[in-house]
Each structure stands twice: as structure tokens, then as C-alpha cells.
Q: 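One structure follows; several queries about it will come next.
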Protein chains: 2
Amino acid sequence: MDFSKRFQSLNKGIYLNKNNKKHGYLLTFCYDDMVKVLLIGISCDESLVTTVGKRVTIKDVAEAAELSITAVSQILNGKGERFPKATRDRVMAVRDKLGYVPNFNARSMINHSMKTVGIIVPNLVNPFFSTFLRGIQSAMYESECVPIILSADHNETLERYYLKTFIERGVDGVIIAGSAIENKGIKDLLQPIHISYLLFDQADPISGGDQIIVNDEHGGELATSHLIHAGHRKIAVVIPEQPSQNVKLRLAGYRHTLEQNQISFDPKLIFPTGLSKMGGRQIAADIIKSKATAVFSTNDEMAIGLIRGLQEADVRVPEDVSVVGYDDIDLDDYVTPRLTTIHQPIYDMGVWACQMIMSRLSTPELSPQLKMVDVSLKERNSVKRL
Amino acid sequence: MDFSKRFQSLNKGIYLNKNNKKHGYLLTFCYDDMVKVLLIGISCDESLVTTVGKRVTIKDVAEAAELSITAVSQILNGKGERFPKATRDRVMAVRDKLGYVPNFNARSMINHSMKTVGIIVPNLVNPFFSTFLRGIQSAMYESECVPIILSADHNETLERYYLKTFIERGVDGVIIAGSAIENKGIKDLLQPIHISYLLFDQADPISGGDQIIVNDEHGGELATSHLIHAGHRKIAVVIPEQPSQNVKLRLAGYRHTLEQNQISFDPKLIFPTGLSKMGGRQIAADIIKSKATAVFSTNDEMAIGLIRGLQEADVRVPEDVSVVGYDDIDLDDYVTPRLTTIHQPIYDMGVWACQMIMSRLSTPELSPQLKMVDVSLKERNSVKRL
DNA sequence: CTGAAAGCGCTAACAT
DNA sequence: ATGTTAGCGCTTTCAG
């Protein structure tokens, strides 16, 4: 190997840190492909004496293999059929020996593909979303793609900021779950620059984009009719303060199931609160005042908080008040009483979401994909038959 | 704007998809900076007729502002003091009008900084880690840095794969929580290529790297002595099957607190199980057989599962068996009985982890940083005084 | 069979 | 006050 060249490539003997600021001058000793470096000049304590492994580039591989950069590039990318097997093997061997790892940025600039999709969820701590994310991640892994997961707290400003971050970083696609931005806003942001996206938990009549549509209205019906069949007539509903599309659908299901059973809809029985366990807990007092005998909570987190709030007020569940949740998160089995809820195939929905966006990326001309998902009632112990 | 140039830049009239494969030829109509494109040639269904917004580059801005690329670059990066205010304003205006977003890849190649840190956790669904991640994310936001969060399921192969992904993508730093790989392995992987990393939940005597060290031994002592003071003498311990460093420390605390109180340590009272609610649930039967009157679960998830398992076997908590957990996740307040546990400042630990790695990135010559974190007992209702 | 050259979008040193 | 040039690491024509 050409020693002087090696030395030259070390920033002309000036040690730069990651920000390209000068730190001092170098004394270098070369061992194979590792360079032992001593820093001199500038106040330099012992911790500065460090081992710097110059990052191996394709050029290094080419030199070591005594081939052109082009040849190496093609061989390493499996496009080197034209080279004899011996050459190819040599290149592979050199790559392994040098520990060459391609520079992703350089590559992305040419490929126009980052193999990355951005994902925005409202809240990482909510097991609904973390389970969803696991589904996504496992499917991403299959496609050798990396998810960038950001949690936006239902905060529109933050969401826009993150979306901008994604754009700037050139992600290939975006999955947005439970967005605070209305659909059109997202469309205006993403469509002009040709980034594929998938809206989750938010039906979108305008977009020609891909969608996973959960039959939330059916979920609302299921929950409500279960309660009605158990003999309840005064059924409260807990919803998030900023109800998303799907919550509205659940509410619609509730409402028309009521009507089908000759129970008139009472808007006073609708209780908006924070989308969290704490929110559910805080609304308990109001629910008690309403004299409802049952509650349909449009999400499990709130249901679990509500149960705790009720119990703290010495109201027993389900003896005094029955509760039905929505989502079927893993926690439901671990609270007391175990929570009856509407089951959604959360993990699978993550997998599907990912598969859909991946297929759109590889085949952009695909016509819009829709995936319909149905839900079911999961009976446990939080509902009492009157 | 120069129309013909515009047209030219559209890939010479050939429409390429993201993979640079030819899709057909184009008919274009220009409106302002949006180009309406009709695709012709190649079998082309209607969904192919699409709107393509060419991504605006710095060159476009420069042309529109009638300036050199350099000038624009400097002005937009706040290094344009030498230009008169009028010029600067003009550039800004053009940028906004065109909606220019810098290409992150191109920039990273020069900066040698991705403003990205990779994060590996064992399990996203565990509220301990998701809370930790929220802390990280909020601190990252302050630094305009993006976390890439990957969940490795305690699987060493997966972890290595993700670490390799991080390297390849050139992240600036890595935070690894609850790793399955032993410390040396990580060091060998990351140190040669000069990527800063922080190990969390895993004391590392070898590394000269940064660390957050939780006083886990004290936590074990706290839990155990609380139980002993409540009159318990036969105290079982639940640990994960592959106990990490910190679990071992908690166990050490347990053990020597026992000895301080003249209770002999009985290895038969140590119960390894899966690190999940389900794991805790499954070990319940064994705990009951052991006749222990109290259990110290080295993590809350397992404790919550255990309580459910106990209840399913008609063993009452805390009347028959007392339980102390570890972590203080938000759930503890919502299970019945509410879980007495060891409190860790999880969210803050995320913030600190991030701050530490950020300061290392900006000042690589910093000597190794250590952050000591103490824990405390959080009393709730899962312990009975005998 | 192989390599030279162009260029992706951007920044920084160095003119003018 | 502004522009020219070189180059980051890589891939892709295209000409031997």
C-alpha cells in the first residue's frame, strides 16, 4: 500500500473532529489498515491520544484489489457478471479484509432512495402504538428498510416539524398514524415532492393515496350492542378531546345502534377528555354524576384510567358501572377487572401498513391500495349483565 | 425562468421512477415551479398520469435569485454576513417561494455529520423503554437531531444487524439500552470506526466511554429491607432469564440486605422467567409452591404479570403474598393492587443519555462522563405488614 | 473484460 | 461583495 498516499488522506496531518474543526496535528503510525494516531499541538490531555480508524472507502478497496473504482462498485453491487470469477472473489476478499462499508449518503444521492421510511405516531408510550410500531419494524426488517420513528404528542406544530425533517432527509415514504394535521395539510406537504405516504387511523376521502381502513363504525356498534344486550340503557361514551376520524366513526356506530334499539341519543353522555390513562381517570367523577350504568371508552388507555378513577371513588366495576374499551392492548388482561374491549389486529396492521408502503415504493404506478380491516368483540370481565 | 432548462432537467423527457428505471416519456406543462406531467409510451394506465414536483435544488434557488450557488449556500447557512441585507432577503424569499429544502445526504457528505443517533432498545412495548425514548426524543429535538429507534428483542443477531445498519448509515452516535451483546463486542464494533456510544442499563468497567450508572444495588436493598421491615422473611426474587448487569446488582442488594438481617440467602427463591408480563404470569405457580410470603420482582412488567398470575390462582395480593416491583412505570398506578416499587427517573434518564451523547459529539475530547442516578422506594398497596 | 469521465447536491478554500 | 474551483464517495454511461 502506498504509505504517503495513506498519510495524505489523513487530512494532511491535521486532526479534525466531526465538525471539521482543527484539533491539532498528528503523528501517525500505520499498521495494516489501522492508523495509530498521536495528537500533538493544542492543549492535549491524555484522553486525546486515540485510535482513529480511517473509514475505508471504495477507493481503498480498489487500490488494494488493483482494480478501478468502477469495477469494484459493480462487483460489489452484484452487477459484475462480466468479470471473471477470480476477480470478483478477490474484490470480495479485499472488502472483507478492509471491512469496507459503503457510504450510505453517497449512495442515496445517486439511487434517490434512502431505504428509509418516516413514521409519526402521537405517543410512543401508548401500547397501541408501540405494538403497531413493532409490526412495522418487523416488516421493515424484511425489506432491509429502516424506520425513523417520531412521536408527535398530538401537537400539530411538532408534527409539521417532523414531517419537514423527513422531507429534508429524503425518506422514501411516510406513515402517519393518528395525525393532528388534517388530511389536506399532509397532502399539500407531501404530494408536491412526490413522497409516498400512508395515513393510518384516519380515513381520507380526498387522497388518492393508500389507506388502511378499520371498520370503526362496526366497532362502535359491537361495543354498544354488547352493552345494550347486557341490559344497559344509559351508556356514556368517553372520547379524546380532539377526536380523530376513526373515533368519530366509533361514535357513529354507537349512535345508530342506540337508535336501532329505540334509545335516544343524549349528547350529555359524551365525555371528552385527555387521550391517556390520566384523562380517563380525571373524567370518572363526571361519569359518576351522569348516573350512566355503562361506559364505552373509545380507547383502552382511557378505559383503564377510568376504571381506576371509578374505583378510587368507591364505584365498583363492573358491579356498579360496566366498561367497554377499544383496541385490545396487552394490558387489558392485567388490570382488574380484565377489560372487555374491541379487538383490533394491531401488530398485523403495522405489518400491512409497511407492506403497502413498500409495494408503493417499488411500484409507484400502482393504483391506490385500500386494506379493509374488521374488528371483533373481546369479552372479558368488565361488563355486568343487569 | 428558463423554460428549456427546466425541461432539460426533467431527465431529458424520460420519466424515471425512484429506482431510476425508465417508465416512459413525458409531455410536460409548466406552471410556476410545479410541472404537470403526462406520461406517454409504455403501457400506461390512468393512475400513471401524475403530478411530479421536481425537487428544488440549491441551483434552482441560485438561478432564480440570480446569484452563484456559493452565495446562496452561505446565506442560507447563516454565513453570509458579507452580503448586503437586501441580497440576503432576496435569497430567503426565493427559497420560500420555491420551497427549497436542502438535500440532507449531500450535506452530510461534507459535514461528516448526520445529526442522527441510533438507539437500540430491547422492547418498544415495555413502558420503561418507551418512556426512556420519550425523554431521549425530547432532548434530541432541542439539538435538532433525529433518533433512529430500533427494537432488538434481546436478540443478539438482530442487535448486531442494527448496529451495522447504523454504521453504514453513518450515524453520529449510538445509545444502546439493555443490550444482549456483551460490552466488549460493542466496543470492538463501534470504537474502531470512531462512533461515540453510550451504554445504558449496563455498567461497563472496561470502556472508557460514557455511562449512566443507576444505583441498582441500592434499589435492591431498598426493596428488600422494605419487605423485611414489613415482617417478611421468605422473600422470592423474580429475574429475567438473561439478567443484565443491573439486574445482577439489584440481586446483590437483595442478597446482602438479607444477610444484614440474619436471613440466609436461598438460591431456590430466585425465579428466572421471560422479561414480560407473560413471563411474570407464568412464574406465579412456582412462586406459590415456594411458600414465599413476599416477592421482589426486578422489573415492573414481570411484577404486574405475576400479580395477575397469583390472582388467577386465587392467591390474594397483598393479603397472601406481597409484591415489590422495580422501575415505577406509569402502569403501576392502574393495576390492582397498586404496585409498590423502586422509582427510577426514567424520562429524565432519557434526557440525560441524550445530553451526554450530544456533548460528546460536539466535544469528542471530553474525558469519559459518568452520571450517577439514585433510586427511591415508591410505596403503594402491594405490600402487607405481617 | 476493463476503466475514464461525468455527475448527484452541496460546502469551503481560494480567488477576483 | 461575489464567483470559481475542487471535491465528498459513489454509480452509471460509454469508449476502449
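We name chains A, B, ... by the order of the sequence lines, and we start the count at 1 in each one. Computed from a predicted model, the values in this text were never measured in an experiment.
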Q: Rounding to a whole Å, what distance do you find between B:K59:NZ and C:dT11:P?
A: 16 Å
Q: If you check every side-chain atom of A:I58, which of C:dG9, C:dG3, D:dC10 has the closest atom?
A: D:dC10
Q: Figure out the CZ/C1' separation between A:F104 and D:dC10, and round it to whole Å.
A: 13 Å
Q: Is the phosphate of C:dT11 approached by B:S73 (side-chain N or O, under 4.0 Å from OP1 or OP2)?
A: yes
Q: Identify whether any heavy atom of B:Y100 sits under 4.0 Å from a base atom; if not, whether one sits that close to sugar-phosphate; answer base, sugar-phosphate or nothing.
A: sugar-phosphate
Q: Round to the nearest Å and state the distance from B:I75 atom CD1 to C:dT11 atom P.
A: 13 Å
Q: Map B:M109 and B:S68 onto DNA chain D by nearest heavy atom, then report which one ends up closer to the 5' terminus.
A: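 It is B:S68 whose nearest nucleotide is closer to the 5' end.
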Q: Partners of A:M356 by side-chain contact (heavy atoms from CB on, under 4.5 Å), sequence neighbours excluded?
A: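 side-chain contact (heavy atoms from CB on, under 4.5 Å) check on A:M356 returns A:L198, A:D210, A:I212, A:Q369, A:K371.
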Q: Only counting residues at least two apart or in another chain, list the ones meeting ring-ring contact (aromatic ring centres under 6.0 Å, His included) with A:Y141.
A: B:Y161
Q: For A:I69, answer base if it contacts any base atom (sugar-phosphate contacts may also be present), sugar-phosphate if it contacts only those atoms, and nothing otherwise; contact means non-hydrogen atoms under 4.0 Å.
A: base
Q: From CD of A:E63 over to P of C:dG3, roughly how many Å is that when rounded to an integer?
A: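 These atoms are roughly 13 Å apart.
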Q: Listed by chain and number, what are the salt bridge (charged side-chain N to carboxylate O under 4.0 Å, His left out) partners of B:D96, not counting sequence neighbours?
A: none
Q: Any side-chain N or O of A:N77 less than 4.0 Å from the OP1 or OP2 oxygen of D:dT11?
A: yes
Q: For the base of C:dA4, is there a side-chain donor-acceptor partner from A:T70 under 3.5 Å away?
A: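 Answer is yes: a donor-acceptor pair is held.
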Q: Just how far, in rounded Å, is P of C:dG9 from CG of B:L76?
A: 16 Å
Q: What verdict does the side-chain contact (heavy atoms from CB on, under 4.5 Å) test give for A:M109 and B:F104, after you've listed the backbone C-alpha separation in whole Å, the side-chain angles of each residue and the deciding distance to 0.1 Å?
A: CA-CA 9 Å; A:M109 280 188 67; B:F104 200 80; over 6 Å; no
Q: For the pair made of NZ in B:K115 and P in C:dT11, what is the distance, rounded to whole Å?
A: 14 Å
Q: Please enumerate all residues that pass side-chain contact (heavy atoms from CB on, under 4.5 Å) together with A:E159, with sequence neighbours excluded.
A: A:I120, A:A152, A:S179, A:A180, A:I181
Q: B:I110 CD1 to C:dA13 C1': how many Å, rounded?
A: 13 Å
Q: Any side-chain N or O of B:R107 below 4.0 angstrom from OP1/OP2 of C:dG9?
A: no
Q: With DNA chain C as reference, determine whether B:A106 or A:Q74 sits nearer its 5' end, using the nearest nucleotide of each.
A: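 The 5'-side residue here is A:Q74.
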Q: With sequence neighbours excluded, what pairs up with B:P102 under the side-chain contact (heavy atoms from CB on, under 4.5 Å) test?
A: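 Residues passing side-chain contact (heavy atoms from CB on, under 4.5 Å) with B:P102: B:Y100, B:R107.
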Q: Check A:M114 against A:D172 and note the closest heavy-atom contact, atom names and distance.
A: N-OD1, 3.1 Å
Q: If you check the B:L67 side chain, which of D:dG3, D:dT12, C:dC10 turns out closest?
A: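 That would be D:dG3.
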Q: Heavy atom of residues 78-94 of chain B under 4.0 Å from DNA chain C: which residues?
A: B:K79
Q: Using five base pairs at each end, measure the axis-to-axis angle across the helix from C:dC1-D:dG16 to C:dT16-D:dA1 and round it to 10 degrees.
A: 50°
Q: Looking at residues at least two apart in the chain, or sitting in another chain, which of them share a side-chain contact (heavy atoms from CB on, under 4.5 Å) with A:V174?
A: A:L163, A:F166, A:V171, A:I176, A:L190, A:I195, A:Y197
Q: Pick base, sugar-phosphate or nothing for A:N105, based on heavy-atom distances below 4.0 Å to the nucleic acid.
A: nothing
Q: Can you name the salt bridge (charged side-chain N to carboxylate O under 4.0 Å, His left out) partners of B:R160, sequence neighbours left out?
A: B:E156
Q: Could you state the CG-C1' distance from B:N103 to D:dC10, rounded to the nearest angstrom?
A: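 B:N103 atom CG is separated from D:dC10 atom C1' by 14 Å.
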Q: Looking at A:C354 and A:M140, what are the two nearest heavy atoms and their distance?
A: SG-N, 3.5 Å
